[in-house]
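What follows is a single structure, written as structure tokens, with notes after it.
Note on naming: letters A, B, ... go to the chains in the order of the sequence lines (proteins, then strands), and numbering restarts at 1 for each one.
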Amino acid sequence: MECLEANKEKKIVFLRNNLIEWGKTNYAAFPWRETNNKWHALVAEIMLQRTNAEQVVPVYESFVESYPSPKEFLFERNTNIFQSLGLHWREAQLRSLAREIYNLGYIPEDKNSLLKLPGVGDYIAAAFRSFHLNIRDVIIDSNVVRLYGRYFGFETDPETRRKKWLKELAAEVTPYINHKEFNYALLDFTRNICKPQPQHKECLLRNLCCFAIDNNDSKY
DNA sequence: TTCCTGCGTA
DNA sequence: TACGCGGGAA
């Protein structure tokens, strides 16, 4: 934990600037990142939970084609769209979400209202706000926890993401300007570089990363 | 075998 | 706070 407190401010600035810079040339243009349809944006978030983004692409494209709004989706009883993605209960959950949005007549923007929507938790609410409403918010998923753990130097487990101190750290790191670019870079960087089997040689954070420093390994 | 933009429930 | 969910890809 010494590694975390040492030069903390410097490390935060370094992390922000380098991730945003890295993102400029490594941004993944997934179709749900380009859409202006907020319904589709939420659908994508549901499809993406614990699911490989590459696998979601064809399923999402097909969905967008068939259901431009909650109304069309609600018109069909059972679409089996999650057949190839697993976690099949998400269809029923998505149906509840569609019903709720249809009844409301709009998709809310404030955090509390979003969190009341079925299937929308801390992560999806934050991602939706930052990516599709351009409202600065803090995203924390399993990959983000892994990166922060390695970079700042602390052990993580499946419950770490819900700890208050982790949320405070993530909030401190997430910039107010360019929050969207930073958050996208965070997702792309943890998927391609700081992944479970990390690509240390390609990591632009390694000079200040506790994982590399603590392992005192010249090969990094 | 592990992992994938988590969530609701108990 | 802990647990179940799931097919598909690496």
>> Rounding to an integer number of angstrom, what distance separates C:dG4 and B:dT2 when you compare their P atoms?
In response: 15 Å
Is [X] close enough to [N] that one of its side-chain N or O atoms is under 4.0 Å from OP1 or OP2 there?
X: A:Lys163; N: C:dT1; result: yes
X: A:Ser142; N: B:dT5; result: no
X: A:Asn143; N: B:dT5; result: yes
X: A:Arg90; N: B:dC4; result: no

With the side chain of [X] defined as its heavy atoms from C-beta on, choose the nearest nucleotide among [options].
X: A:Glu45; options: C:dG7, C:dA2, B:dT5; value: B:dT5
X: A:Gln55; options: C:dA9, B:dC3, B:dG6; value: C:dA9
X: A:Trp89; options: B:dG8, C:dG6, B:dC3; value: C:dG6
X: A:Pro196; options: C:dA2, C:dG7, B:dC3; value: B:dC3
X: A:Ser84; options: B:dT5, C:dG8, B:dG6; value: C:dG8
X: A:Arg50; options: B:dC3, B:dG6, B:dT5; value: B:dG6

> Taking atom CG of A:Leu15 and atom CG of A:Leu147, what is their separation to the nearest 0.5 Å?
Replying inline: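 These two atoms lie 6.0 Å from each other.
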> Looking only at heavy atoms, what is the nearest atom pair of A:Lys11 and A:Phe152, with distance?
Replying inline: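 Shortest heavy-atom separation between A:Lys11 and A:Phe152 comes out as NZ-CA, 3.9 Å.
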> Can you check the A:Leu48 CG to C:dA9 C1' distance for me, whole Å?
Replying inline: 16 Å
Report, one line per pair, each donor and acceptor closer than 3.5 Å where one atom sits in a side chain of residues 111-118 of chain A; sequence neighbours left out.
{"residue": "A:Lys111", "atom": "NZ", "partner": "A:Asp137", "partner atom": "OD1", "Å": "3.2"}
{"residue": "A:Lys111", "atom": "NZ", "partner": "A:Asp137", "partner atom": "OD2", "Å": "3.1"}
{"residue": "A:Ser113", "atom": "OG", "partner": "A:Asp110", "partner atom": "OD1", "Å": "2.7"}
{"residue": "A:Ser113", "atom": "OG", "partner": "A:Asp110", "partner atom": "OD2", "Å": "2.9"}

> Should A:Lys8 and A:Glu172 count as an ion pair when the cut-off is N to O under 4.0 Å?
Replying inline: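 A:Glu172 and A:Lys8: salt-bridged.
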>> With the threshold set at under 4.0 Å for non-hydrogen atoms, list the residues of residues 116-138 of chain A touching DNA chain C in residue-number order.
In response: none
